[in-house]
A.B. asks: 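Below: one structure in structure tokens.
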Number of protein chains: 2
Amino acid sequence: MSLRHAVLGLLAYGPASGYDLLKTFDQSLANVWPATQSQLYTELGRLTDAGLVTVRAEGPRGRKEYAITDTGREEFHHWMTEVEPERPRRDGMLLRVFFLDQVAPDKARTFLERRAAAASAYHDQLLALRDPTADDDHPLAANGRLALEYGIRVTDTVHHWASWAADRVNSATHDKTGKTGKTGKTGRTGKAREGEAEGGPEGANGDGATGAAGGAGAAGAVNSTSRR
Amino acid sequence: MSLRHAVLGLLAYGPASGYDLLKTFDQSLANVWPATQSQLYTELGRLTDAGLVTVRAEGPRGRKEYAITDTGREEFHHWMTEVEPERPRRDGMLLRVFFLDQVAPDKARTFLERRAAAASAYHDQLLALRDPTADDDHPLAANGRLALEYGIRVTDTVHHWASWAADRVNSATHDKTGKTGKTGKTGRTGKAREGEAEGGPEGANGDGATGAAGGAGAAGAVNSTSRR
DNA sequence: ACCAACATGTAAACGGTTACATGATTTC
DNA sequence: GAAATCATGTAACCGTTTACATGTTGGT
């Protein structure tokens, strides 16, 4: 339910049309809270009905200029200061890490190496944004710089983690067997079933420890069933 | 569309019922890819129809034991190794950071300090999981340990970032005015409107730089409109 | 006999994505 | 006059969440 607050937040800077807001969403909030045109216009309607914004003026081609109301400002302020931000609960990368022992070690290693490379590449892009190279003219707002630094630090951390993890998978392979060759491109994928015995991602054996760990970076709350 | 693959991933370890899987989702995958009972049973039906799993046996109280098929294994393997993981696109915390200059500096500082504390607390919980204290018996699988380490590193990074950011907001306040006192609890929230001039989160002025930065940690792809 | 745990299913509502539809104004 | 841009709206679909509904088995 945060699209509402994103819209309020933008209107807090000053009145704007749906069209204006959409551009800001695409340009500035795309990686933080994306919204589609469809969604935006619908939400503006709802916000108007709820009295959190008003149509301040109507312009040339059906353009409606929205402005935040006092009630809207109050709601926005409440959300900013009192509502605990929820962490993203789903992470496809981490989900795959959970199942990493289901693919051949070399595939696992490749996967992690690719994660490392991706994080590193993104990290570099962000670094470039931090130090404007003369011909660049983007006066990052103070909060913009905070967000940028967040990105720089987190991508760096993920990069190092993935490299470390790739090495770890690598050495684990060397210990077991000398089998470093390719598995061929045989139809069958990796291991088939070798005894039906369980042992899932920490097994269906209870104890939520691993799960808690997995969500760590991107999620909240360790479900400490502790003993079970 | 990844619930499907999470289910396949779990079934890759061995056959299980919907009820079994649900427990695993709640205990192990809760922070990585949560699923509800409702969703799970529906998905198992769809997977069966698609031929990716089969009902291997029917047990006592209507229990259906599902097993992954060869086609299912192929699909799972493909998803693990060839499909690029999508990063979470929405982050409520980062969204608030974007609007941080809309609330009074002391509120902004408090917000960041709370983020720091939360990250730190979570970090500590994860650390406790890493070094089992004798009476603890959770044999973390290799991939479980990778995920745990991810969590430990990322929470640490976020903790430090938030502390740094809080300090930054703090010093910025000192520079401007001596006004450190409370704003009172007057109905009006922070600043009202002081001139109608724009200047949003890097403004509605174009250049997506800030936006790209914001998404950094949790998102992918810098939208390099570059010049515009 | 009762309760906890086992076990599966459906319906309604919500937020988000994609696609369709339409029209006005400015610029070349 | 054509094309780009401005500008708004609606419909269908999909995945997720919450709630409702129902029945069985094993242990005390």
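Residue numbers start from 1 in every chain, and the chains themselves are labelled A, B, ... in the order their sequence lines are given, proteins ahead of strands.
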A.B. asks: Taking the side chain as everything from C-beta on, heavy atoms only, tell me whether A/Trp33 gets closer than 4.5 Å to B/Phe98.
C.D. replies: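 No. Closest side-chain heavy atoms not under 4.5 Å.
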A.B. asks: Rounded to whole Å, how long is the line connecting atom CG of A/Asp26 with atom P of D/dA7?
C.D. replies: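 Rounded to the whole Å, the gap is 15 Å.
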A.B. asks: Would you say A/Arg63 reaches D/dA7's phosphate, i.e. side-chain N/O to OP1/OP2 under 4.0 Å?
C.D. replies: yes
A.B. asks: The test is side-chain hydrogen bond (donor to acceptor under 3.5 Å, both in side chains); show your working for A/Glu75 and A/His5 and say whether it passes.
C.D. replies: CA-CA 8 Å; A/Glu75 171 60 27; A/His5 299 105; 2.8 Å; yes
A.B. asks: Within the structure provided, determine whether B/Asp101 and A/Tyr13 are in side-chain contact (heavy-atom separation under 4.5 Å).
C.D. replies: yes
A.B. asks: Without decimals, in angstroms, what is the distance between B/Glu65 CD and C/dA7 C1'?
C.D. replies: 13 Å
A.B. asks: A/Trp161 vs B/Tyr150 aromatic rings, parallel, tilted or perpendicular, using cut-offs 30° and 60°?
C.D. replies: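 It falls in the perpendicular class, over 60°.
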A.B. asks: For a quick check, with a 4.0 angstrom heavy-atom cut-off, what is the B/S/- contact string for nucleotides 13-24 of chain C, read 5' to 3'?
C.D. replies: --SSBBB----B
A.B. asks: Grab the CG-P distance between B/Leu40 and D/dT18 for me, whole Å please.
C.D. replies: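 Rounded to the whole Å, the gap is 15 Å.
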A.B. asks: Atom CG of A/Leu21 to atom C1' of D/dA7: distance rounded to whole Å?
C.D. replies: 13 Å
A.B. asks: Indicate the atoms forming the closest heavy-atom contact of A/Ala108 with A/Val169, along with that distance.
C.D. replies: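 Shortest heavy-atom separation between A/Ala108 and A/Val169 comes out as CB-CG1, 4.0 Å.
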A.B. asks: Using a 4.5 Å cut-off on heavy atoms from C-beta on, say whether the side chain of A/Arg115 contacts that of B/Glu84.
C.D. replies: yes
A.B. asks: Looking only at side-chain N and O atoms, does A/Lys64 come under 4.0 Å of OP1 or OP2 in D/dG9?
C.D. replies: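 So the side-chain polar atoms of A/Lys64 do come within 4.0 Å of the phosphate oxygens OP1 or OP2 of D/dG9, strictly under.
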A.B. asks: For A/Leu44 and D/dA7, give me the distance from atom CG to atom P, rounded to whole Å.
C.D. replies: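 Value for this atom pair: 14 Å.
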A.B. asks: Distance check needed: D/dT5 C1' versus A/Lys23 NZ, whole Å only.
C.D. replies: 10 Å
A.B. asks: For B/Leu22 and D/dT18, what is the distance between atoms CG and P respectively, to the nearest whole Å?
C.D. replies: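 So the CG-P distance, B/Leu22 to D/dT18, works out to 14 Å.
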A.B. asks: Identify the residue among A/Glu58, A/Glu65, A/Arg63, A/Lys64 that makes a side-chain hydrogen bond (donor to acceptor under 3.5 Å, both in side chains) with A/Ser17.
C.D. replies: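 It is A/Arg63, the one option of A/Glu58, A/Glu65, A/Arg63, A/Lys64 that forms the side-chain hydrogen bond (donor to acceptor under 3.5 Å, both in side chains) with A/Ser17.
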A.B. asks: Rounding to a whole Å, what distance do you find between B/Asp20:CG and C/dC6:C1'?
C.D. replies: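 Rounded to whole Å, this separation is 10 Å.
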A.B. asks: Looking at A/Tyr41, I'd like to know whether one of its side-chain N or O atoms comes within less than 4.0 Å of OP1 or OP2 on D/dG9.
C.D. replies: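 No.
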